[in-house]
Structure formats: C-alpha cells, structure tokens
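Working notes for the structure below.
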Amino acid sequence: MFDIERWEEIFEAISKNKLRTFLTGLSVGSGIFILIILLAVADGMKNGTKKQFERDIATKISFWTASTSKEYKGFNINRWISFKNNDYNYVTDQYKDEIEYKTTDFRNWGARAIYKDKNGSYQFRGVMPDMLFVTNATLNAGRFISERDISNNAKVVAIGIRVAKDLFTDYTKAVGEDIKINNIKFKVIGVFTDAGGERANSMLYSPLPIVAQLYNRPRDVGSFDFTLQPEDDYNLALQKSEKFAEQVKTYLQKKHHVHPDDLKAIRFYNAVDGNKDLYMLNLGMKVFFWGIGILTLIAGIVGVSNIMLIIVKERTKEIGIRKALGAQPKSIVKMILHESIFVTSISGGIGLIFALALLALVGPKIETDFILNPNVEFGVAIITVLLLIIAGAVAGYIPARHASKIKPIIALRDE
Amino acid sequence: MIEIKDLHKSYQMGSNSLHVLKGIDFNVQKGELVSIMGSSGSGKSTLLNIIGILDEADQGTYTLDNTLIKNLNEKVAAEYRNKFLGFIFQSFNLINYKNAIDNVSLPLYYQGVARKERSEKALHYLEKVGLADWATHLPNELSGGQKQRVAIARALASDPKVLLADEPTGALDTKTSYEVMELIQNINDEGKTILIVTHEPDIAQMTKRIVDLKDGLIINDTYIEPVIANAHV
C-alpha cells in the first residue's frame, strides 16, 4: 500500500500548509501531552495517598510465641516455645507467591552503643532487609540492610534517628562511621525514621545471622512479620490473610508439638481484619482515577475530532477543484485521512515523548506528601496515543466522506 | 461532440420548485467555439454544469462524444470529467499551495501519469500559454490574467474533448480579457471544442457561434464571423 505519489501529494500539502499543519500538530501533540501528564499525576496522587494511609502497614500479619498453656503428647505445660530459623525458611518458601514482604528478628534488649565519648542504651535487633517496609520506616541517610549483608554476615547497623542524634548530634555524619555495640565494632550504613514513635526510633538494626551468631544462638529467631500481596477487594484480602494465618499457625503448632487448642503458645495478629476502611479508600481512589483518565481521554478525542472537522471544512473548495479535475471520491477520502493520520501520529508521538521526558526529569523530584512518583505505564501511554489517532481518523473520515460526496459545483460556487 | 435533447432541470427552493431549464435542444460539433449568453437566472450556468457533468438533468438526454451521460455514479462521473472535459472558472480555482506546474499536472495525477511525465506535459502546456518562466510560482505571485492562463493550461493538460469556460474573463480587465480570448481562439484553431458562458457581448463576438438563453430556453442561435482578439490587444 505504499503509494509514493500519494505520499508526495501529502508531503506537499503538509509542507505548503505550514500553519495548518503546525496548529493541528500543536493541538494534537499538546492534547496528548496534557493527557499523559494528567494520567501520571493521577497515578502519583494514588501512590501518595496510598503511602499516607499505609504508615502503619495495615496489612501486617505477625506471629509470636509464649509458653504453652496445655499439655500435649507428653509435653509439660508452661514449656517455652521458640521459633527456629528453619520455621521461617519453610513458611517463606511455602508461601513465596502470596507473601509480599517478610522479616523475622533476633532481639537483644538493652545493648550499649558507644561512639567516641558518647553512648546510650538501645534495643539491638537482628532483622531481615524487608524490615524497613514492614515497620514502614523511611531512610534519612544511607541505606538499609541488604540481602548481601545477610549472606556476608556483615557487621553493619542501621540506626534510628533518635540514636543518630544521641551519638552523632548531626545525623548526616553517621553513615560510614564505626560504633561499638556491646563492645563489638559495627559500621553504620543508614539512618531511618519510623512513624512508630520514640521507641521505634531508638533501634539498632543489624543483619539477623550476625546478631544471632554473636549471642551464640544461631538457630533461634523471634517473631515473624509478613505482608501479603495486595488485593483490591477487601473481602478477598481478608479471606486470603485469614487462610494464610490459620495455615501457618497450624503448621507451627504441629512442628513445635503444641496442642491445637492452645491459644497462648503460638499467636498471631492479622491487621487486615478490621481495616476495611483502608481497602474501600483504595478501591474508591482507583475508580476515581480511572474516571478521570477516561474523561480526559474523551476530552482529547473531542478536541482531535473538532480539528479534523475544521480542516475538512477548510478544504471544501480544494476538494471541489480536485473533483472537477477528475478526482475519485475515494481518492479524496484517502488523501484527507492519510494526511490527518500522518500528522496526528507524528505530533502525537512528539507529545508523548515530551510528556514522558518531563515525567522522567521532574517526577522523582516532586516532594509533596500527596504526589509520589507520578508515572504512566508505557503500554497505557501508547494505547492512549493510538486511541486518539484512531479517533482522529474516524472523526476525519465522516466529514471527509461527506466532502467527497459534495457536488463540485456546490464546493466551487463563488460566494 | 455534444448532443442535447429536451433537457429539463428544476431546483427545489424550499417549498417552491424553480424550473431553470425548460427543454433545451442543442448540438455542438467538433472544433466549434460557442458562447452561451444570457442574463443571470437565464439558466446558462446550469446548462454548463450539466454539460460539465457537475450536475445532472431531470429529464432529457445528453450525449458527450457518443457516450450517454445519465445516472452516473460519482466514480464514473469523475472518470468522465477527467477524460472528456477541461474546466476554466471565473475565479480560476487554482490550488493556492501548489505552484503553477503542479496545478497544471493535477489532472494528470488523477489519470495516474507518473511524476516525470506529468511535469514534462505540464511544462509543455505552460509554454503554450506563455508561462513557462513562471512554472515554479505560486498562484498568489501571479496576476489575474496569468492565473487564468495557468487554469487554461490545466484544463488542457488532460487533453480533453471539450473545454468548458464559465465566465473566463469575468474577473479580468478588458485588455487581459482579450489576451485570454486570444489564447482561447488559438486553442480552438488547433481543433479543440470550446464552450464559453459569458454575459459580455464583446467576448461573445470573439466566438464563432452565439447561443442566447432566456428563462430556460434558447431564443437565438447564430453562427458569426468571430472578431479576432489579437487585433484588439
């Protein structure tokens, strides 16, 4: 279908009608630009609001232990139950598709941390990398514990902002320094702030294995914290979380020989239960922003269609001349569509590139609580542009077809 | 070349029907230079439009070069216009973003002639109307007379059987009008059949036959000895 003669005609029409081409291109391009930016802002607002309301990780499911309250299989009552390393490994492996974030810990109450002439007593915990997400802490400086630190048994520590202020005064100077915790040297890798308050900010987090090893109990771990993969539907999320919690509890009870009806030895807390409002809010926002997206798209389609109508109207006389000279109606329709699709595609593409470039440049720098990381999926952006081009073509087709049927005598009438 | 029998045409104007052509019988032989005269409302433009296959009669027959023109669909009408007819308009109707040579080659484009051949032919016809040097100029860089000559070259480009001119000098001053008429006479001398609609008697005098139209009927049809336009330029 590559007709060089028609392309030549079109390039001539485009290059000789610079103003028309420019205005069409500008309106289509800016239309797409605005559309993409709006979609991205809506996305950013969604992310931002989500973040705001997820301060306390509303979907956390925690497991912890105490001593037994029932005799079972010959084991005495009041036996202390302690989770083991391989319990954690089994659960995370067994449910790896369901789990989003996971961590466990090794706790040591009251460790003494010293930096130069300053010191203080803090809670010292061995944790896993996801701890940052599970407690919903944000980093002020440096980084959190990584998988590498876990496998390397690295002697590193991420400290709460309270600790950083005690030991360093200026928390930005903490990263990279060595501090002594119970007389063992650790390198500070990051400073974090936890919304959980003073106590949560007085923590020393190190990789779990190294802490467990230092206290010579390499297989003991404390509580388990999980979040499941997010679901939009509250009832489904609740159902899934309850099923998960029950199954894990049952497994752990069996493994540690705990009576199935023992309510004390192994317990869990499911935060999803009772958090219906948050889910409804998330759903509401999703519907709201889809609505905005669709309305914006409709506005774009109306705009592009309008331009096409005006262009065809403006060319009525030219069409009349061409018809008098022997142009077939079909060739008129083709000419107009070919040109309009070409111009809208090029300018739509340019608008898209500008919008994506702006998002890439400015997006990460936006620092408000309400807009976070505004972005548009590339596929969505491409589909949007295609929809607009198709809409332009359809909107151009109707008047083009109409124009192609106008009797040349009417088009050529001198007013 | 043109045979018209008992041609009728009415226009619907709201609830009233306006009977414009009330039975026209009219023949034109090959090589004639005919002017159709009449006051406004006499039906002369309607007749030209029907001859030009831009409009269709309600009743009667029209045969162009032994082809009956009746109930044509748009596609065939476009084909016949391209093959049989060349148009010259009062307001030139050049495409304003195309230069002279591209305007002239447009009918050839619709005939599917390749670009190179199109340009050669178009240049040939521009030479014929004396505008070869203006080939790359846009219409708005040309005078009225020059524009009309480009339009004539365009009408000739597809080598049609009949040239139809609707008030070709209506927008031109007298001197330029005569220059255009001289060109038309020269083209006629080469054997082309030409019909001109005009209301200017001096222009009509430069044709070989004057047909007078009044209220939708031919009231007079005379062959005359044309005034040679050249002498008045």
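Just so it is clear: chains get the letters A, B, ... in the order the sequence lines come, proteins before strands, and each one is counted from 1.
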Using side-chain heavy atoms (C-beta onward) and a distance below 4.5 Å, is [X] in contact with [Y]?
X       : Y       : answer
L352(A) : L356(A) : yes
I4(B)   : I51(B)  : yes
K30(B)  : K192(B) : no
H338(A) : I10(A)  : yes
L358(A) : F33(A)  : yes

Original post:
Relative to chain A, which segment of L94(B) carries a heavy atom at a distance below 4.5 Å: side chain, backbone, both, or neither?
Top reply: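 Contact with chain A involves the backbone of L94(B) alone.
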Original post:
Side chain, backbone, both or neither: which part of K83(B) has an atom under 4.5 Å from a heavy atom of chain A?
Top reply: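 For K83(B), there is no contact with chain A at all, as no heavy atom is under 4.5 Å.
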**OP:** Could you tell me whether K313(A) atom NZ has more than 12 heavy atoms of other residues or ligands within 6.0 Å of it?
**Re:**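 Counting other residues, nucleotides and ligands, NZ of K313(A) stays at 12 neighbours or fewer.
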Original post:
Has F11(A) got more than 12 heavy atoms of other residues, nucleotides or ligands less than 6.0 Å from its CZ?
Top reply: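 Enclosed.
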If the contact rule is any heavy atom under 4.5 Å from chain A, which residues of [range] qualify, in numerical order?
range                       : value
residues 196-203 of chain B : none
residues 102-135 of chain B : D102(B), L106(B), P107(B), Y109(B), Y110(B), V113(B), A114(B), R115(B), R118(B)
residues 59-77 of chain B   : E74(B), K75(B)

Original post:
Does one side chain, of S331(A) or Q328(A), offer a donor that lies under 3.5 Å from an acceptor on the other?
Top reply: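 No, no side-chain donor-acceptor pair sits under 3.5 Å.
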Subject >> Whether S340(A) side chain and A393(A) backbone form a donor-acceptor pair below 3.5 Å >> reply: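 Not a single qualifying donor-acceptor pair exists.
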Original post:
Taking the side chain from E141(B) and the backbone from L138(B), do they hold a donor-acceptor pair closer than 3.5 Å?
Top reply: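 Checked: pair present.
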Original post:
Is it true that E318(A) and K98(B) have a side-chain N and a carboxylate O under 4.0 angstrom from each other?
Top reply: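 Result for this pair is no, no salt bridge flagged.
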Subject >> Heavy-atom pair of closest approach, residues K9(B) and A57(B) >> reply: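 Taking K9(B) first and A57(B) second, the nearest heavy atoms are CD-CA, 4.2 Å.
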Subject >> Single hit among V28(B), L164(B), L163(B) for side-chain contact (heavy atoms from CB on, under 4.5 Å) with I194(B) >> reply: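 Result for side-chain contact (heavy atoms from CB on, under 4.5 Å) with I194(B): L163(B).
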**OP:** With sequence neighbours excluded, tell me which residues meet side chain to side chain donor-acceptor pair (under 3.5 Å) with D173(B).
**Re:**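 So D173(B) forms a side chain to side chain donor-acceptor pair (under 3.5 Å) with T176(B).
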Subject >> Atom group of K405(A) that falls short of 4.5 Å from chain B, counting heavy atoms >> reply: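 Contact with chain B: backbone only.
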